[in-house]
2 protein chains.
Amino acid sequence: MATLKYSRQRESIREFVMNSREHPTADTVYAGIKAEFPNISLGTVYRNLSLLVDLGEIAKITTGDGPDRFDCNTKPHSHFICTQCHNITDIEASEFDCMKEKVAEGFDGKITGHMTTFYGICKECLEAKKIKKTS
Amino acid sequence: MATLKYSRQRESIREFVMNSREHPTADTVYAGIKAEFPNISLGTVYRNLSLLVDLGEIAKITTGDGPDRFDCNTKPHSHFICTQCHNITDIEASEFDCMKEKVAEGFDGKITGHMTTFYGICKECLEAKKIKKTS
DNA sequence: CTTACTGCAAAGTATTTGCAAAACG
DNA sequence: CGTTTTGCAAATACTTTGCAGTAAG
C-alpha cells in the first residue's frame, strides 16, 4: 500500500539537503527552496524530510538544544555540536564504527542504529570569546 | 551572584531522580512528588531539573523522540533507547569512555562532553511482537 | 529585610495533523 | 478516475517565562 508518487517539492527538498554541508533545519530547508516554490508550506517540508528519513536517503540529527537537523550523510559517523553557535561538524571516527556490533554482543534486544554526539565550543567561538575579553 | 537557597521541592525532585532507575521525564517526576506536594507546578519541576543539571548533580538525556529524560548517573555511559516502548537502558561500555580524549586530539575546538545513544527494540518488545504474531 | 523560590497561567518553540484542492500515474 | 501530495490553518507536545506572593537566610 501507499505507492510513492513523484513530487517536484520532494525532489527539491532532497536536492537541498544533499547539497548542504551545513546540516540544515527544517526551517532552513524551507527558506532555501522558497525561491523555487514560493507557496510551499513548512508542513510539506516536515512531511517530506520525515519521509526521506524513513526511506533512508537522509538522516535526522537530534541536537538536544533547538530544532532537529538533517544530514545527507547516512553512513555512521559522529557529530560535534557547538553549544554556542550551534554549528555541527562531522567527525569521522572510524574506530567507533564497530560500536554497534561490539555492544550488540551479549545484548538481549535488537540494535538498529547508534549516534554519538560531542558537545563543546568550536574554534571560531573560542577565538571570538578571546577577542571580546581583551576589548 | 544568585546564591542558592534551600527548597523542600528541589530536595524532593533530587531525591526522586536519585532513586529512579527508570530515567524519568519531567512529567514523571511531577507525578511522583505530587503526593508530597499537591500544589507543585510543572514549571517548578522543569526549573529545578534544569538547575540540578547545571549543578552537575543529574544529567539530561535527549531522546530524539518524546520528552527529555533525566539520569542520576552523571558518569560517562551510553544508553539504549527502545523505539517501541521508549524505555532507556544504561549501557556500560567502558571501552568508549576514552572517546572524548581520543577525538579531542587534533581537534580545533574544545570538547566538553559526549553522548552515545543506541536505538533498537528491547527484549520485551521483541517477545511481545512474537506472541502477537502467533495469536 | 533582601533575595531566591513557588504556583499559576500565558507564551514560546518545534512539529504534526485534518481537510479540501491540486498533481500524479 | 483513484491515490498521493500539497498548502493552509489549527492542534499538539514539550518547555520556558513573567509575575505577584511565599519562604529562606
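Numbers restart at 1 for each chain; the letters A, B, ... are given by sequence-line order, proteins then strands.
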message: I'd like to know if B:K5 reaches the base of C:dA4 with its side chain such that a donor and an acceptor end up less than 3.5 angstrom apart.
response: no
query: Quick one: side chain to side chain donor-acceptor pair (under 3.5 Å) partners of B:T89, sequence neighbours excluded?
result: none
message: According to ring-ring contact (aromatic ring centres under 6.0 Å, His included), does anything in residues 11-34 of chain A pair up with another residue at least two apart or in another chain? List the pairs.
response: A:H23-A:H79
task: Check the distance between D:dA24's P and B:R8's CZ and give it to me in whole angstrom.
output: 7 Å
- request: Please state whether the phosphate of D:dG7, meaning OP1 or OP2, lies under 4.0 angstrom from any side-chain nitrogen or oxygen of A:Q9.
  value: yes
query: Considering the terminal five base pairs at each end of the helix from C:dC1-D:dG25 to C:dG25-D:dC1, what angle separates the two local helix axes, rounded to 10°?
result: 30°
message: Just verifying a value: how many Å separate A:D65 CG and B:T62 OG1, rounded to the nearest 0.5 Å?
response: 8.5 Å
- line: Residues at least two apart in sequence or cross-chain that pass side chain to side chain donor-acceptor pair (under 3.5 Å) with A:E124, listed by chain then number, are none
message: Contact list please: residues 27-61 of chain B against DNA chain D, heavy atoms, distance less than 4.0 Å, in numerical order.
response: B:G43, B:Y46, B:R47
task: May I ask you to verify if any side-chain N or O of A:S7 is less than 4.0 angstrom from the OP1 or OP2 atom of D:dT6?
output: yes
- prompt: Does the side chain of B:T44 pick up a donor-acceptor pair with the side chain of B:Q9 at under 3.5 Å?
  reply: no
task: For A:F80, enumerate each residue passing the ring pair (Phe, Tyr, Trp, His ring centres under 6.0 Å) test, keeping only those at least two apart in sequence or located in another chain.
output: B:F107
- request: Output yes when B:E11 and B:R14 qualify as a salt bridge under the 4.0 Å nitrogen-oxygen rule, no when they do not.
  value: yes
